[in-house]
Number of protein chains: 4
Amino acid sequence: MSPMNTDQLEQKKQERKVQIMRAALKVFADNGIKLTKMNMIAKEAKISYGLVYHYFESKEQVLYESLEWGMERNKTKEMFDELNKKQLSALEKIKSFMMVAFKEGDTGRTGDVFRIIQHLHSSPDLPTHIHELIEQSGKVYIETLYPLFMEGQESGEIIEGNAEELLRMYLTILSGIMAEDPLFWKENTEWKVSILIRMIAA
Amino acid sequence: MSPMNTDQLEQKKQERKVQIMRAALKVFADNGIKLTKMNMIAKEAKISYGLVYHYFESKEQVLYESLEWGMERNKTKEMFDELNKKQLSALEKIKSFMMVAFKEGDTGRTGDVFRIIQHLHSSPDLPTHIHELIEQSGKVYIETLYPLFMEGQESGEIIEGNAEELLRMYLTILSGIMAEDPLFWKENTEWKVSILIRMIAA
Amino acid sequence: MSPMNTDQLEQKKQERKVQIMRAALKVFADNGIKLTKMNMIAKEAKISYGLVYHYFESKEQVLYESLEWGMERNKTKEMFDELNKKQLSALEKIKSFMMVAFKEGDTGRTGDVFRIIQHLHSSPDLPTHIHELIEQSGKVYIETLYPLFMEGQESGEIIEGNAEELLRMYLTILSGIMAEDPLFWKENTEWKVSILIRMIAA
Amino acid sequence: MSPMNTDQLEQKKQERKVQIMRAALKVFADNGIKLTKMNMIAKEAKISYGLVYHYFESKEQVLYESLEWGMERNKTKEMFDELNKKQLSALEKIKSFMMVAFKEGDTGRTGDVFRIIQHLHSSPDLPTHIHELIEQSGKVYIETLYPLFMEGQESGEIIEGNAEELLRMYLTILSGIMAEDPLFWKENTEWKVSILIRMIAA
DNA sequence: AATGAATGAGACTTCATTCAT
DNA sequence: GATGAATGAAGTCTCATTCAT
């Protein structure tokens with residue numbers, strides 16, 4: 001009942017939520033939104049399904065907050081800021097970005113978020129605020145990669161043509177891979193990245 | 001009571017089945033197996049859901065027969081035989097294959113079948129006979145493209161390396177695109193094909 | 001278009017109805033009312049299910065008319081009148097009744113009607129007019145057998161006790177047998193009848 | 001959190017299952033397998049149909065487990081062992097068996113199980129494991145009564161003839177009664193038993 | 001007259017959500 | 001806080017009935 005208690009409780013509560021959100025991201029990413037049962041999230045988080053409702057209003061709310069949390073952790077922007085400090089060409093930066101973004105361990109969840117966003121593209125019956133979240137999240141990739149594409153074209157590293165269109169196609173392909181084969185990046189990452197880069201490298 | 005009568009009826013029945021299978025392929029491709037409701041197939045075919053059961057035993061049977069029918073129409077093999085008659089390099093043949101396979105109108109359904117097969121890869125709880133059908137169908141692409149990849153490598157048109165792995169990655173990317181953006185090939189097909197080809201062109 | 005034609009048509013129609021009713025009685029008797037599908041009746045009558053609706057309003061109507069027709073053919077009363085002409089004791093008449101009633105060929109349908117009536121006892125959700133028909137039909141057996149039971153008791157052939165109760169139990173057992181094992185009477189009829197008679201024989 | 005807690009929960013769960021199985025046995029017995037709706041079981045158990053699925057996988061599983069449970073409670077064998085300790089003639093034992101088996105109160109469910117087994121004889125489209133259960137259960141009656149029939153014939157209490165056939169007919173009649181009139185044994189049990197016994201008593 | 005194509009109510013089952021403990 | 005018991009909407013499939021041919 002001491003004031004400290006309240007804080008501790010609050011923190012514990014937050015930890016629980018994180019435990020659930022981490023599980024949710026994984027399960028949503030693996031199965032898609034509709035096919036993910038509350039059951040599966042609870043099992044992945046090693047709690048009872050009833051408890052999920054103690055921390056979240058609904059399945060939809062779990063999705064929303066998990067995405068929010070995942071994007072925050074995702075920190076694409078920060079990743080780029082980090083990259084920009086290094087002395088690399090535009091193409092090398094793009095390559096580095098892919099290596100970092102998709103070859104993550106347990107912590108990042110970048111891939112999970114990316115994959116969920118793909119699943120969501122094909123779920124037209126979701127509420128607006130979720131679609132907005134997606135929209136916003138998708139933008140991050142565009143906003144950070146577009147300048148690099150432009151830079152690459154100027155320096156002659158990247159093929160000519162409409163940079164925006166090229167970027168969109170590039171992202172479509174990345175999305176597609178993640179939707180198609182979640183384990184794609186697990187093996188031979190470097191080789192695969194280099195092949196993909198060939199598409200845009202002059 | 002003329003002999004023509006029976007034939008006509010039989011043909012009409014077959015047309016109805018085709019109407020349903022065409023609808024089913026589209027809806028399955030767009031939504032995945034589990035998320036496709038009989039309702040959706042029926043609505044797409046502009047009939048009542050009850051009627052679907054007049055022509056097919058179950059949802060699973062609709063899937064199976066539709067795939068079978070779609071693959072038959074698909075005729076990847078025939079397409080290649082046609083190609084091989086022409087005087088083209090391996091890379092040009094691969095390019096032609098993509099142009100023909102993915103830029104079809106309403107008739108071909110090649111893309112739908114391709115996408116469903118992708119969905120099915122991630123549905124481990126389907127009966128054996130469907131998985132066999134998929135397996136078999138997937139093989140067609142490999143069996144027809146693999147020799148071309150080899151040929152391309154020998155002639156120096158295609159980059160060095162493990163041809164099988166390269167082909168698998170190539171197919172994963174194609175699958176991913178179709179899963180991700182069904183309308184991908186509608187516009188700018190030629191340019192998109194050329195970009196993709198860059199991945200493997202030496 | 002001649003007047004004769006009308007009659008012939010009328011007769012043909014009646015024959016068709018009989019064909020259906022005969023089939024219906026058999027299928028209803030074997031499967032019970034609810035579990036009998038229109039399909040099964042049609043197949044048994046070797047016609048399409050649609051045609052049944054040409055001759056009858058509904059499944060319920062098929063049941064009603066079939067029962068009516070079956071009871072008419074059944075002619076328990078006539079059977080007894082026949083028996084009464086012979087010089088037999090009451091017990092021998094009861095025995096004869098059973099032999100005739102249950103060991104019939106294709107024509108009689110006595111057993112079918114009897115069995116359907118049993119099924120109907122346990123179908124409380126049927127319309128009134130059908131229940132009335134049943135009621136009425138059940139009475140025939142009681143009305144014709146009751147005097148024989150009385151007579152048998154007076155002559156000392158049948159055991160003492162409440163004749164009505166004894167008869168009711170006897171009929172329950174007969175009904176039960178037909179519900180339980182439709183083919184019961186096919187074999188060893190005489191021996192089985194004699195065993196059953198032992199229950200009431202003094 | 002006391003150790004008792006888990007046990008209590010487990011016990012409560014078991015009680016719920018028993019509540020459902022008791023209801024199921026009654027409803028199955030009254031209506032037959034196919035005509036029994038999950039709804040009816042739920043209503044009889046005074047719960048929602050959804051809850052039934054919390055405790056059982058499917059309707060079929062409800063049937064299977066209910067039968068198993070009912071047979072266990074049934075304990076025909078134990079009943080006979082009890083009887084055999086007493087100094088009774090074979091016929092008297094058969095009589096006692098019937099009195100005990102069919103004049104039970106709420107607890108026994110012997111009659112329900114017996115009736116369901118009859119219904120099942122006429123349901124050829126049930127899975128094997130259920131048929132095996134039935135088979136096995138049916139055997140109990142035969143295995144326990146057959147020796148008594150033989151014994152009775154040797155001592156001259158029971159009429160001559162093929163004991164097996166006689167027993168089969170006897171059981172058919174019992175089954176039939178239970179199928180036909182579930183309340184048959186409620187009243188006048190002793191008298192009814194004595195009449196039935198007359199069939200086989202020398 | 002005859003067929004069987006077409007429809008939709010109802011039954012089984014799944015699963016998100018609420019609630020008692 | 002934590003569990004899982006309880007409910008009911010929605011999806012798959014069956015089948016009586018209507019209707020076009």
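Each chain gets a letter, A, B and so on, in the order its sequence line appears, and its residues count up from 1.
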Find the distance B:Leu35:CG to F:dG11:P and express it as a whole number of Å. 11 Å
Would you state whether a donor and an acceptor, one from the side chain of C:Tyr49 and one from the base of E:dA5, lie under 3.5 Å apart? yes
Tell me the interatomic distance from D:Arg16, atom CZ, to F:dG4, atom C1', rounded to whole angstroms. 13 Å
Quick check against the 3.5 Å criterion: does A:Gln19 have a side-chain atom that pairs as donor or acceptor with the backbone of A:Ala45? yes
Round to the nearest Å and state the distance from D:Glu15 atom CD to F:dA5 atom C1'. 14 Å
Around atom NZ of A:Lys26, are there more than 12 heavy atoms of other residues, nucleotides or ligands at under 6.0 Å? no
May I ask you to check whether over 12 heavy atoms, not counting those of B:Glu57, lie within 6.0 Å of atom CD? no
Atom NZ of A:Lys59 and atom P of E:dC15: how far apart are they, to the nearest Å? 9 Å
Can you measure D:Met38 atom CE to F:dT12 atom P for me and round it to whole angstrom units? 19 Å
Rounded to the nearest Å, what distance is computed from the CD atom of residue D:Gln61 to the C1' atom of nucleotide E:dC12? 15 Å
Identify, between C:Lys46 and D:Asn39, the residue whose nearest nucleotide on DNA chain E lies closer to the 5' end. C:Lys46
Separation of F:dG11 P from B:Lys34 NZ (nearest whole Å): 12 Å
Determine: side-chain N/O of B:Tyr53 to OP1/OP2 of F:dC13, distance under 4.0 Å, yes or no. yes
Taking the nucleotide of DNA chain F with the nearest heavy atom to each, does B:Thr36 or B:Gly50 sit closer to the 5' end? B:Thr36
Among E:dA6, E:dT7, E:dA2, which is the nearest nucleotide to the side chain of C:Leu51? E:dA2
Toward the 5' end of DNA chain F, by each residue's nearest nucleotide, B:Lys12 or D:Tyr55: D:Tyr55
Looking only at side-chain atoms of D:Lys13, point me to the closest of F:dT3, E:dT17, F:dA5. F:dA5
Does E:dA1 have its OP1 or OP2 closer than 4.0 Å to a side-chain nitrogen or oxygen of C:His54? yes
Once you round it to whole Å, what is the distance between C1' of F:dT14 and CE of C:Met40? 13 Å
Indicate the atoms forming the closest heavy-atom contact of C:Ser58 with C:Tyr53, along with that distance. CA-CE2, 4.1 Å
For F:dT18, which nucleotide is its Watson-Crick or G-U wobble mate, given both distances must be under 3.5 Å? E:dA5
Nearest-neighbour nucleotide for the A:Ser48 side chain, F:dT3, E:dT7, E:dT13 considered: F:dT3
Does F:dG11 have OP1 or OP2 sitting under 4.0 Å from an N or O in the side chain of B:Lys37? no
Least distance between heavy atoms, D:Arg16 atom then D:Tyr55 atom: CG-OH, 3.1 Å
